[in-house]
Participant: 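Following this message is one structure expressed as structure tokens.
Remember, it's a predicted structure, so these values are computed and weren't measured experimentally.
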Amino acid sequence: MSNENLIPFSTTIHVRDTCLCLHVQRAARALARKFDQALKPLGLTNGQFSLLMSLNRPQPAPMGSVAALLDMDRTTLTAALKPLQRRGLLEVVPDPKDARSRLLTLTQEGRMLLTRALPIWTETHAAVDALLGEGGPNRLRADLSMIR
């Protein structure tokens with residue numbers, strides 16, 4: 001067997017420069033870090049903020065609908081819920097209509113924390129929107145939604 005590369009380095013450079021998946025992943029990590037830093041004083045990550053916000057509903061949320069909204073499988077969602085549940089920010093209870101299903105609801109502490117977190121999220125989001133320029137945020141959301 002030869003030690004020669006079967007794929008030329010120029011191809012590696014081409015993939016690096018054109019791969020949409022790579023560019024979206026890098027941007028997502030950078031964006032996540034920005035929101036993680038902003039929410040850190042409240043002891044939240046951006047993912048936890050999104051999860052808590054997804055529970056801000058008039059009625060308890062079925063686990064399946066939260067998993068779908070966050071595009072997570074149920075196992076990943078269950079793992080993400082545990083630290084927030086331990087902090088007393090949400091409750092997981094059996095669905096009275098189907099004991100196999102679980103309903104998720106914010107506690108009063110969870111609602112209070114979201115009230116404190118929302119202005120931080122709003123300010124951070126406005127700063128990111130400004131980087132994208134006029135129409136950029138809406139165009140980006142629309143373009144990304146086409147991939148689903």
Participant: Go through the structure and list residues passing side chain to side chain contact (heavy atoms under 4.5 Å, CB included) with Leu20, not counting sequence neighbours.
Facilitator: none
Participant: Could you check whether any side-chain heavy atom of Leu103 comes within less than 4.5 Å of a side-chain heavy atom of Pro94, counting everything from C-beta outward?
Facilitator: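 Sidechains of Pro94 and Leu103: no contact.
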Participant: Are Leu69 and Leu144 connected in the hydrophobic side-chain network, where two residues link if heavy atoms are under 4.5 Å apart?
Facilitator: no
Participant: Mind checking side chain to side chain contact (heavy atoms under 4.5 Å, CB included) for Arg26 and listing every partner two or more places apart, or none if nothing turns up?
Facilitator: Leu22, Arg29
Participant: Not counting sequence neighbours, which residues clear side chain to side chain contact (heavy atoms under 4.5 Å, CB included) with Ala38? List them please.
Facilitator: Ile120, Thr124
Participant: Do Thr105 and Leu55 pass the side-chain contact (heavy atoms from CB on, under 4.5 Å) test, and can you show the C-alpha distance, the side-chain angles, and the key distance before you say yes or no?
Facilitator: CA-CA 6 Å; Thr105 187; Leu55 301 181; over 6 Å; no
Participant: Indicate yes or no: at least one non-hydrogen side-chain atom of Leu70 is less than 4.5 angstrom from one of Thr76.
Facilitator: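 No - every pair of side-chain heavy atoms lies 4.5 Å or more apart.
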Participant: With the side chain counted from C-beta on, respond yes when Ile13 and Ser10 share a heavy-atom pair under 4.5 Å apart, and no when they do not.
Facilitator: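 Contact flag for Ile13/Ser10 side chains = no.
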Participant: If you draw a 6.0 Å radius around NE2 in His14, do more than 12 non-hydrogen atoms from other residues or ligands fall strictly inside?
Facilitator: no
Participant: Under 4.5 Å between any side-chain heavy atoms of Met53 and Leu118, yes or no?
Facilitator: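 The answer is yes, as the side chains (C-beta and beyond) meet within the 4.5 Å cut-off.
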Participant: For Leu114 and Leu89: C-alpha separation, side-chain torsions, deciding distance, then whether side-chain contact (heavy atoms from CB on, under 4.5 Å) applies.
Facilitator: CA-CA 10 Å; Leu114 267 183; Leu89 303 175; over 6 Å; no
Participant: For residues 63-92, pull every pair meeting salt bridge (Lys or Arg N to Asp or Glu O under 4.0 Å), keeping only residues two or more places apart or in separate chains.
Facilitator: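 Sorted result for residues 63-92: empty, none.
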Participant: Does either side chain, that of Ser65 or that of Arg57, offer a donor lying less than 3.5 Å from an acceptor on the other one?
Facilitator: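 Yes, because at least one side-chain N or O of Ser65 sits under 3.5 Å from a partner of the opposite role on Arg57.
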Participant: Look up atom CG in Leu106 and atom CE in Met112, then write down how far apart they are to the nearest 0.5 Å.
Facilitator: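 So the CG of Leu106 and the CE of Met112 are separated by 12.5 Å.
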Participant: Please enumerate all residues that pass salt bridge (Lys or Arg N to Asp or Glu O under 4.0 Å) together with Arg100, with sequence neighbours excluded.
Facilitator: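 Only Asp98 meet the salt bridge (Lys or Arg N to Asp or Glu O under 4.0 Å) criterion with Arg100.
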Participant: So His125 and Thr122, do their side chains get closer than 4.5 Å, heavy atoms only?
Facilitator: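 No - every pair of side-chain heavy atoms lies 4.5 Å or more apart.
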Participant: Indicate the atoms forming the closest heavy-atom contact of Pro137 with Gly133, along with that distance.
Facilitator: CD-O, 3.4 Å
Participant: For Val92, enumerate each residue passing the side chain to side chain contact (heavy atoms under 4.5 Å, CB included) test, keeping only those at least two apart in sequence or located in another chain.
Facilitator: Leu81, Gln85, Leu90, Arg102, Leu104
Participant: To the nearest 0.5 Å, tell me how far Thr45 OG1 sits from Asp36 CG.
Facilitator: 5.5 Å
Participant: Just verifying a value: how many Å separate Phe35 CZ and Leu44 CG, rounded to the nearest 0.5 Å?
Facilitator: 13.0 Å
Participant: Any chain of hydrophobic side-chain contacts (each under 4.5 Å) joining Leu42 to Trp121?
Facilitator: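 Same cluster: Leu42 reaches Trp121 through Ile, Leu, Val, Met, Phe, Trp or Tyr contacts under 4.5 Å.
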Participant: Check whether any side-chain heavy atom of Leu39 sits under 4.5 Å from a side-chain heavy atom of Gln48, and report yes or no.
Facilitator: no
Participant: When clusters are formed by joining ILVMFWY residues with side-chain heavy atoms under 4.5 Å apart, either directly or through shared neighbours, do Val66 and Met72 land in the same one?
Facilitator: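 Yes, one cluster joins them.
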